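Below is one structure; the comments refer to it alone.
Predicted model, so just to flag it, every value in this text is computed and none were measured.
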Amino acid sequence: MTLRFFARLREALGAEDTLPFEAGLTVGAVREALIARGGRHAQVLGRDQVLRCARNHQMCPEETPVSDGDEVAFFPPVTGG
């Protein structure tokens, strides 16, 4: 599975990463696996951080199941004016 990061997450982690696919994963479980890596991953993806997520270019809740070959993206909430 391909992981993409945007905005400040991209600055901290780079634009792209990978994670081996496991049956039964959800977007939230992917986030937890990344947090478990520790270091910068834990800092910028930690549960104290408000983040948005998407699966295959569609916004989704963390309960969304992930399939083999999916792209999962994380980014901070966007504000503008």
Side-chain angles (χ1 to χ4, degrees):
M1 132 184 26
T2 302
L3 308 173
R4 297 206 187 268
F5 307 104
F6 295 93
R8 65 179 168 77
L9 304 179
R10 181 182 189 138
E11 292 171 9
L13 304 175
E16 191 173 305
D17 199 350
T18 59
L19 189 70
F21 174 75
E22 295 178 26
L25 278 179
T26 63
V27 172
V30 169
R31 183 177 179 181
E32 289 298 327
L34 293 169
I35 291 168
R37 289 182 177 177
R40 287 196 172 274
H41 286 86
Q43 289 175 346
V44 300
L45 298 170
R47 290 295 174 184
D48 60 330
Q49 302 296 313
V50 177
L51 299 176
R52 301 288 184 246
C53 48
R55 184 185 66 128
N56 299 330
H57 305 269
Q58 297 291 316
M59 298 290 292
C60 67
E62 288 196 14
E63 298 79 24
T64 302
V66 177
S67 298
D68 193 18
D70 280 354
E71 176 186 277
V72 176
F74 295 98
F75 45 94
V78 178
T79 61

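Pairs of residues two or more places apart, or lying in two chains, that qualify as salt bridge (charged side-chain N to carboxylate O under 4.0 Å, His left out) and include a residue from residues 34-46 are D17-R37. Among residue pairs with one or both ends in residues 48-59, those qualifying as salt bridge (charged side-chain N to carboxylate O under 4.0 Å, His left out) are R55-D70; sequence neighbours excluded. Counting only residues at least two apart or in different chains, salt bridge (charged side-chain N to carboxylate O under 4.0 Å, His left out) contacts with residues 58-68 comprise R31-E62, R47-E62.
When hydrophobic residues (I, L, V, M, F, W, Y) are linked wherever their side-chain heavy atoms come within less than 4.5 Å, the members clustered with F6 are M59, F75. Clustering of Ile, Leu, Val, Met, Phe, Trp and Tyr side chains at separations under 4.5 Å places V30 together with M1, L3, F5, L9, L13, L19, F21, L25, V27, L34, I35, V44, L45, L51, V66, V72, F74.
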Q49 vs R8, side-chain contact (heavy atoms from CB on, under 4.5 Å): CA-CA, chis, key distance, verdict: CA-CA 12 Å; Q49 302 296 313; R8 65 179 168 77; 3.4 Å; yes
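Heavy atoms only, all atoms of each residue included: C60 and T64 are closest at CB-OG1, 3.3 Å.
Applying the side chain to side chain donor-acceptor pair (under 3.5 Å) criterion to E22, with sequence neighbours excluded, gives no partner residue. A7 is linked by a side chain to side chain contact (heavy atoms under 4.5 Å, CB included) to P76, counting only residues two or more places apart in sequence or in another chain.
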